[in-house]
Amino acid sequence: MFDKIVEIVSAFGYIGVFLLMLLENIFPPIPSELIMPLAGFVAARGDLNFIVVILVGTAGSVVGALPWYYAGAKLGQERMKRLAKRWGHWLTLSPEDVDKASGWFDRHGKAAVFFGRLIPAVRTLISVPAGIAGMSMTKFLIYSTLGSLIWTALLALAGYLLESQYEKVSEYLNPVSTVIVVLMVLYYLYRLIRQRFAGKKH
């Protein structure tokens, strides 16, 4: 799996990194914790430029956050929760997730967007309360971009530094990356089924 993902990133280049990071923020097929280190790894081999990898990864992450921001701004918290209750199982989004993200934003204010982008469990959903609270697009983009830039840079740097240990790392990461992807799929299916049944009970 490690080798296959490296091949995919190499084949699709910057567009692939951008699209994977965009999708990771909307729908979690592969986590950024796997995408960006492998992109950094490919850059270290000379197939991609390291700085550009970070920039396109950040851009994809920020663009992927915009649909959530607009959803929060247009729907508001209560309508967003109703939407999550009815259709959120497809995105593993529950009404409780909306409340938790809103609570995080209420406690930390604008800084929640910056720090939220650095926390895996919060980074996607923090865009929703930012939209609900009416945070200006300019401020949202600034805080979201800065947080995403740090996150993607750290992950890409980790992969970049691993390149010199390719032979050792590939033997270890091949099974590990396969397990990560499988667990992500299983976790998604678990939440999908759980939330669908929860929706039927209500």
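Sequence positions, counted from 1, serve as the residue numbers for this chain. Just so you know, these numbers use all the heavy atoms, side chains as well, and skip hydrogens, waters and symmetry mates.
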Between the CG atom in L22 and the CG atom in N25, the distance rounded to the nearest 0.5 Å is 7.0 Å
Looking only at heavy atoms, which two atoms of Y14 and N49 are closest? And how far apart?
OH-N, 2.7 Å
If you round to the nearest 0.5 Å, how far is OH of Y69 from CG of L141?
8.0 Å
Is the number of heavy atoms from other residues, nucleotides or ligands within 6.0 Å of CZ (F115) greater than 12?
no
Below 4.5 Å, heavy atoms only, C-beta onward: do F114 and I150 meet side chain to side chain?
yes
When rounded to the nearest 0.5 angstrom, what distance separates OH in Y143 from OG in S136?
9.0 Å
Roughly how far, to the nearest 0.5 Å, is CD1 of I54 from CG of L48?
12.0 Å
Please round to the nearest 0.5 Å and tell me the distance separating atom OH of Y160 and atom CZ of R45.
13.0 Å
How close do A39 and V17 get, counting heavy atoms only, and between which atoms?
CB-CG2, 3.9 Å
Is there a donor-acceptor pair under 3.5 Å between the side chain of W68 and the backbone N or O of A130?
no
Using side-chain heavy atoms (C-beta onward) and a distance below 4.5 Å, is F105 in contact with V113?
yes
Is it the case that the side chains of S148 and T58 hold a donor-acceptor pair, with the cut-off being a distance below 3.5 Å and no angle test?
no
Which atoms form the tightest heavy-atom contact between A112 and I126, and what is the distance?
O-CG1, 3.5 Å
Report yes or no: do S61 and R117 form a side-chain donor-acceptor pair below 3.5 Å?
yes
Please examine the side chains of L157 and F50, heavy atoms only from C-beta on, and report whether any two atoms are closer than 4.5 Å.
yes
Distance (rounded to the nearest 0.5 Å) between L75 CG and K81 NZ
13.5 Å
Non-hydrogen atoms of G57 and M36 that approach each other most closely:
CA-SD, 4.0 Å
